[in-house]
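Each remark here refers to the structure printed beneath this line.
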Amino acid sequence: MPARTVLTHCPYCSLQCGMSLHEADGVLRIGTREFPTNRGGLCQKGWTAAHLLAPGERLTSPLMRERRDGPLTPASWDAALDRVAGEFRRVRAAYGPDSAGVFGGGGLTNEKAYWLGKFARVALRSASIDYNGRFCMSSAAAAATRAFGIDRGLPFPLPDIASADTILLAGSNAAETMPPFTGWLAEQQGGGGALIVVDPRRTPTARRATLHLQITPGTDLALANGLLHIVIAEGRTDEAYIAARTSGFVAARRTAAAYWPERVERITGVTVADQRAAVSLLANARTAVVLTARGAEQHSKGVDTVSAFINLALALGLPGTPGSGYGCLTGQGNGQGGREHGQKADQLPGYRRIEDLAAREHVARVWGVDPAHIPGPGRSAFELLDSLGEPDGARALLVMGSNVAVSSPAARRIARRLAALDFLVVCDPVLSETAALADVVLPVAQWAEETGTMTNLEGRVLLRRRAAPPPPGVWTDLEVISALAGRLGAAGDWDPAPERVFAELRLASAGGPADYSGISYERIASEDGVFWPCPSPGHPGTPRMFLDGFATPDGRARFYPAEHRPAAEDLDAAYPVYLTTGRLLQHYQSGAQTRRVPDLREAQPEPFVEVHPDLASACSLEDGELVRVVSRRGAAIGRVRITESIRADTVFMPFHWGGAASANLVTNPALDPVSKMPEFKVCAVRLEAM
Ligand code: SF4
């Protein structure tokens with residue numbers, strides 16, 4: 001076979017770096033290519049991604065177990081799919097349609113996310129569908145929607161960041177989680193720009209900052225209110241912008257009045273001088289960008305926290321001003337597109353609300369069903385998982401693109417709920433921790449073995465091209481959904497060709513907030529991606545949003561004032577230390593992929609616990625020894641890393657491992673009341689030497 005090169009994108013994070021896959025003599029090699037977001041750069045995960053396609057631990061046959069306590073053994077596709085369809089039919093007949101559930105993922109292509117939503121509502125007629133993006137970006141999405149009327153992670157292209165005089169980055173360690181992104185920060189700082197980083201840890205990102213605000217975990221909301229207080233007190237608000245382009249400032253000013261600098265210092269640990277320095281850098285900037293990420297968002301008050309940062313940005317006149325703005329750095333590969341096309345419990349394709357009658361009629365027309373056929377909103381991700389096997393919960397669950405046994409907070413409780421199901425089916429390329437619990441495992445293709453679109457952190461719709469066929473015996477997720485829809489007698493078109501699914505997605509999204517109807521595979525390929533909304537084939541797409549107005553009924557952005565409150569679980573005598581969790585350079589999410597890549601595993605073979613020297617001394621801990629991190633929900637074991645880069649009242653654990661090392665055995669499932677985002681970023685723990 002002649003050598004060939006396929007232009008595609010990385011399988012992991014939301015930067016979706018452009019890369020090439022070169023095939024020669026049956027071997028695939030990663031190469032770089034010029035792409036506007038990563039400009040040829042890749043991180044270690046991207047460089048080693050070809051290993052994911054190697055036979056190694058790939059599943060190549062469906063697996064089934066006859067009894068819960070029996071082994072998983074190979075089965076034919078027909079037998080496995082018949083069993084899945086039969087179990088779904090049985091639970092629906094016995095317990096009603098919502099007893100059949102679906103759980104998706106923020107890494108699935110737009111086509112899969114769209115089809116999962118359609119499958120749940122049309123084939124199962126169930127409201128029980130949600131996805132792991134609820135654990136990731138939902139707080140920023142809710143805050144942006146209520147402020148701007150629409151949610152797109154970055155409402156401007158990434159290169160705009162490089163020309164900002166000042167960037168405030170709250171809760172992102174981009175230098176480790178998406179290294180090519182820091183090329184833009186380097187350009188910005190090289191041009192004299194200032195970078196403010198808000199993080200309880202002195203991360204590689206914080207180390208490069210002009211100003212690092214080493215905040216107490218769970219207090220970002222108070223800090224944002226405090227910065228707004230200083231902006232107002234020093235007369236640095238953009239009065240003309242506030243008057244012309246916003247509503248609700250008076251209430252925000254009233255709330256901010258109670259966050260005077262000395263009080264904010266007591267709550268957050270950020271000194272008055274540093275608060276004033278941050279405001280000075282922001283207010284003196286000609287252009288400025290405020291960015292939030294999981295560190296500020298994964299809290300039981302994550303939506304209000306993001307709103308507080310948006311309030312700050314609005315008071316300074318940033319959103320919708322060329323060269324300035326507010327944005328969220330999405331996390332998962334398709335964190336943006338995954339939340340737009342219907343795998344979310346309250347949503348229909350095109351970022352439509354499922355309770356909107358006009359939206360239901362439009363989507364029902366595309367699906368060829370009666371609008372009354374489409375169920376209403378279902379439970380959010382954690383609530384869905386936490387009700388599994390309960391009288392009013394799902395009794396049979398299909399999991400696609402998610403490793404919930406590792407990635408859910410209070411993971412032991414979720415493991416019990418998974419065990420309480422009548423039936424669990426998991427689609428996965430490998431035997432992940434969740435797949436290992438299933439009654440049926442369906443081996444599916446991944447990344448470079450299938451074509452599909454992804455929407456990156458900028459709202460740029462990209463095309464991931466198939467570079468190699470899946471191993472014999474492996475199906476695509478779309479083929480699995482198609483086969484199940486057929487067995488369940490679902491109405492409508494279930495042709496699993498990705499471009500055909502995308503054509504239907506375009507129709508379903510037409511007229512919605514996230515309108516993809518003008519986007520085609522050809523355009524994506526020839527234009528290096530297309531920014532939504534793009535409502536017609538002749539439309540150029542929308543790289544920059546809000547320049548002429550916001551997507552609210554009156555065109556004004558809305559201030560949403562919010563009061564600070566403590567983390568859902570604060571420190572006490574029994575649990576005197578904060579735990580915060582996060583990602584590492586070498587691993588991605590639950591680690592189901594990256595822990596199987598030798599170079600990455602060797603570089604970061606096991607979890608660790610970052611401990612400040614003072615805390616280590618107080619707890620009699622030595623560097624390199626094992627420690628048990630204990631919360632009210634359980635304990636996780638990691639190796640002590642003593643470092644001065646973390647606060648003395650806080651420890652950090654990465655969350656990429658399962659089993660006894662799973663940080664999510666410890667984390668708190670307290671949910672944000674609006675987004676239903678769990679509080680991954682802060683809980684109270686104690687350290688026990690082993
Ligand atoms: Fe780029 Fe993210 Fe892939 Fe790294 S993991 S190469 S930053 S897309």
Side-chain angles (χ1 to χ4, degrees), residues 6-22 28-53 105-110 133 136-137 153-154 157-159 161-162 169 172-187 203-205 208 291 293-294 327-338 401 446-448 452-465 467 528-529 582-597 599-601 603-604 654-656:
V6 175
L7 302 183
T8 189
H9 295 269
C10 174
Y12 299 114
C13 84
S14 66
L15 200 55
Q16 283 297 289
C17 293
M19 59 167 54
S20 62
L21 270 171
H22 185 71
L28 277 169
R29 289 194 176 77
I30 305 276
T32 60
R33 71 166 165 123
E34 271 307 309
F35 194 75
T37 50
N38 60 309
R39 300 184 288 186
L42 295 173
C43 76
Q44 193 179 2
K45 293 189 291 290
W47 277 116
T48 56
H51 186 86
L52 297 173
L53 306 169
L108 297 174
T109 62
N110 289 318
C136 203
M137 281 83 58
L154 295 181
L158 206 46
I161 287 172
L169 183 57
S172 168
N173 180 16
E176 281 200 85
T177 55
M178 49 173 74
F181 174 85
T182 53
W184 299 108
L185 297 182
E187 198 170 314
T203 63
T205 314
R208 64 184 303 147
L291 299 171
R294 303 308 82 69
C328 152
L329 298 180
T330 53
Q332 295 194 75
N334 199 24
Q336 184 66 48
Q446 51 160 333
W447 174 47
T453 59
M454 307 284 282
T455 305
N456 78 353
L457 76 175
E458 310 164 283
R460 188 194 303 251
V461 185
L462 309 168
L463 185 60
R464 266 201 204 156
R465 294 179 177 83
D528 275 347
R583 283 168 51 192
L584 303 176
L585 169 63
Q586 289 85 3
H587 289 292
Y588 181 68
Q589 304 302 75
S590 77
Q593 294 159 293
T594 50
R595 280 185 275 124
R596 290 174 164 84
V597 176
D599 286 354
L600 302 178
R601 195 170 56 227
Q604 286 289 0
F655 53 61
H656 305 297

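Worth saying up front: this structure is predicted, and the values here are computed from it rather than measured. Remember, it's 1-based here, ligands and their atoms both numbered in the order they're listed.
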List in chain and number order the residues that pass ring pair (Phe, Tyr, Trp, His ring centres under 6.0 Å) with Y588, two or more places apart in sequence or in another chain; answer none if no residue qualifies. Y12
Between the CZ atom in R464 and the CG atom in L21, the distance rounded to the nearest 0.5 Å is 11.0 Å
The criterion is ring pair (Phe, Tyr, Trp, His ring centres under 6.0 Å); which residues satisfy it with H587, sequence neighbours excluded? H656, W657
Donor-acceptor pair, N334 side chain versus M454 backbone, under 3.5 Å? no
For the CZ atom of R460 and the CD atom of Q336, what is their distance to the nearest 0.5 Å? 13.0 Å
Quick test of your reading: applying salt bridge (charged side-chain N to carboxylate O under 4.0 Å, His left out), list the pairs with at least one residue in residues 35-45, sequence neighbours left out, ordered by first then second residue. R39-E187
Report for atom 3 (Fe) of ligand 1, protein N, O or S closer than 2.8 Å, by chain and number, lists C10 SG
